[in-house]
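Take a look at the following structure, please.
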Amino acid sequence: MNIIVSRLGALLRPANIEAPENAAQTLTIDLGVAAIGFAVFGAAIAAGGNAGWSLLVAAKIAGVFLTAFLLSLPPLYALKKFFDVEASFAQIVSVFAGHLALGGIFISAGAGVFLLLRRGEIDFDGMLAIGLIAASVIGVLICRARSSMKWLSPLPAMLAVTLFLSLLCQSGWAFRPYMDPQSPTLFQAKLEWFAGRQRSDLERVVLFLGGKAKR
Amino acid sequence: MSIVFTVLVYFTAGGAIAVWLAGQARLPNGIAVRIAAVIFWPAYLPICLSPPPRPTDPALDGLSQQIDRLPIPETRRAEYREASAKLSRAVEQRRAELARLAKTEERLEALRGTLGQEERLVVDRERTRVRDARVKVERDLARARESVLRLVLRLELIDLEGSRENLDANLAAVEAEIGLLLEARVEVEEAESGVFAERAGVR
């Protein structure tokens, strides 16, 4: 327990995100903290369902972020080799997991904010949840910017962040839905808009651009 | 169905990798770590396969920092870094040698208790040699650290604005000192290999 508490302390000191000594054990703690943090947020944003639904959403939200983390590793290795980064890949993975854990801590703090501000409207609650996730990501990036140790130079760091966010969106889509079992998700609602009467308008535009519109 | 198959393959690979890492003693003990390694094996694999961090010497770390601060071309800085890395490896080798000599002395001490009077004299002679070698290595390490600290102080005190015209002279002197340190390491190694060859010949 002391190790976990001291690791939480190390994560929350913004200038102290460095590669730890016992890397495998620290990785386990970081992934555990991240999973619990994201699961807490997932349980908070679940609405209209029973405890089982809340647990399912909690597991899905944690799964989204952890899957994005795992999927980011091979292209991150390619980035390291392409930009000839000095730090070893083990150190980069270790620090990446530390950032994920920090994001989990921030997002679990956002769970309380969500419960205070939510209105029970699917669109508003969806935007609020996405806004809190974005705020957590920005918080991690700010803490990262204040760290004395820079594992990646600016361009590969920016590419790595873009890569992770893209994979996060992809994982989010793969693990949908998670807002309300009775109502469609925000994305599904927009998809239905697209598949409805607006689709014929869009088809006309696409055909016009392709030069096949009937005049 | 294909998702189930993919997940099955993923966890099978994770289990095999976790078992292999545990067999190589590269995975820490603990059920939580083992389970996490099966689930998140793409993250655990590079971390468990990386070499353990070597203990760093503050004096040599200070030398590396000073070399990074010097306003010199990158090629020259790379040469200094290479020399500093060689020094660091030499110091580590001497420390490993010191540990080996300490274990040898312990084994000789343990052996002494089981021998008769005449054999004890032979063991005592060997213990004296090992002890002398340990003192020599400790003295060399202390001298090397002292030289490195002097070098670090000298680099720290180089006034970059005031004596820029003397920078080259100072750097030439720094190069000479690093060269001397490296030559001393080579001499000690040669002397030591001579002692060990002599000991092997006696046996």
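Letters go in sequence order (proteins before strands), and every chain restarts at 1. The basis for the numbers below is simple: all heavy atoms, side chains too, and nothing from hydrogens, waters or symmetry mates.
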Legend entry - Pairs flagged by side-chain hydrogen bond (donor to acceptor under 3.5 Å, both in side chains) wherever residues 67-82 of chain A is involved - sequence neighbours left out: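 Found none.
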Legend entry - Residue-level interface, residues 14-33 of chain B with chain A, non-hydrogen cut-off under 4.5 Å: B:Pro28, B:Ala32, B:Val33
Inset, instruction - Measure distances from B:Ile39 to the heavy atoms of chain A and classify the residue's part below 4.5 Å as side chain, backbone, both or neither. - result: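 Contact with chain A is through the backbone of B:Ile39 alone.
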Legend entry - Under 3.5 Å: donor-acceptor pair, side chain of B:Arg120, backbone of B:Leu115: yes
Legend entry - Salt bridge B:Glu97-B:Arg100, side-chain N to carboxylate O under 4.0 Å: yes
Inset, instruction - Could you pull out all residues at least two apart from B:Ala43 that satisfy side-chain contact (heavy atoms from CB on, under 4.5 Å)? - result: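 Residues passing side-chain contact (heavy atoms from CB on, under 4.5 Å) with B:Ala43: A:Leu27, A:Phe69, A:Leu73, A:Val93.
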Inset, instruction - State plainly whether the residues B:Arg129 and B:Asp132 are in salt-bridge range, i.e. N to O under 4.0 Å. - result: no
Legend entry - Non-neighbouring partners of B:Glu109 that pass side-chain hydrogen bond (donor to acceptor under 3.5 Å, both in side chains), sequence neighbours left out: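 side-chain hydrogen bond (donor to acceptor under 3.5 Å, both in side chains) list for B:Glu109, sorted by chain: B:Arg127.
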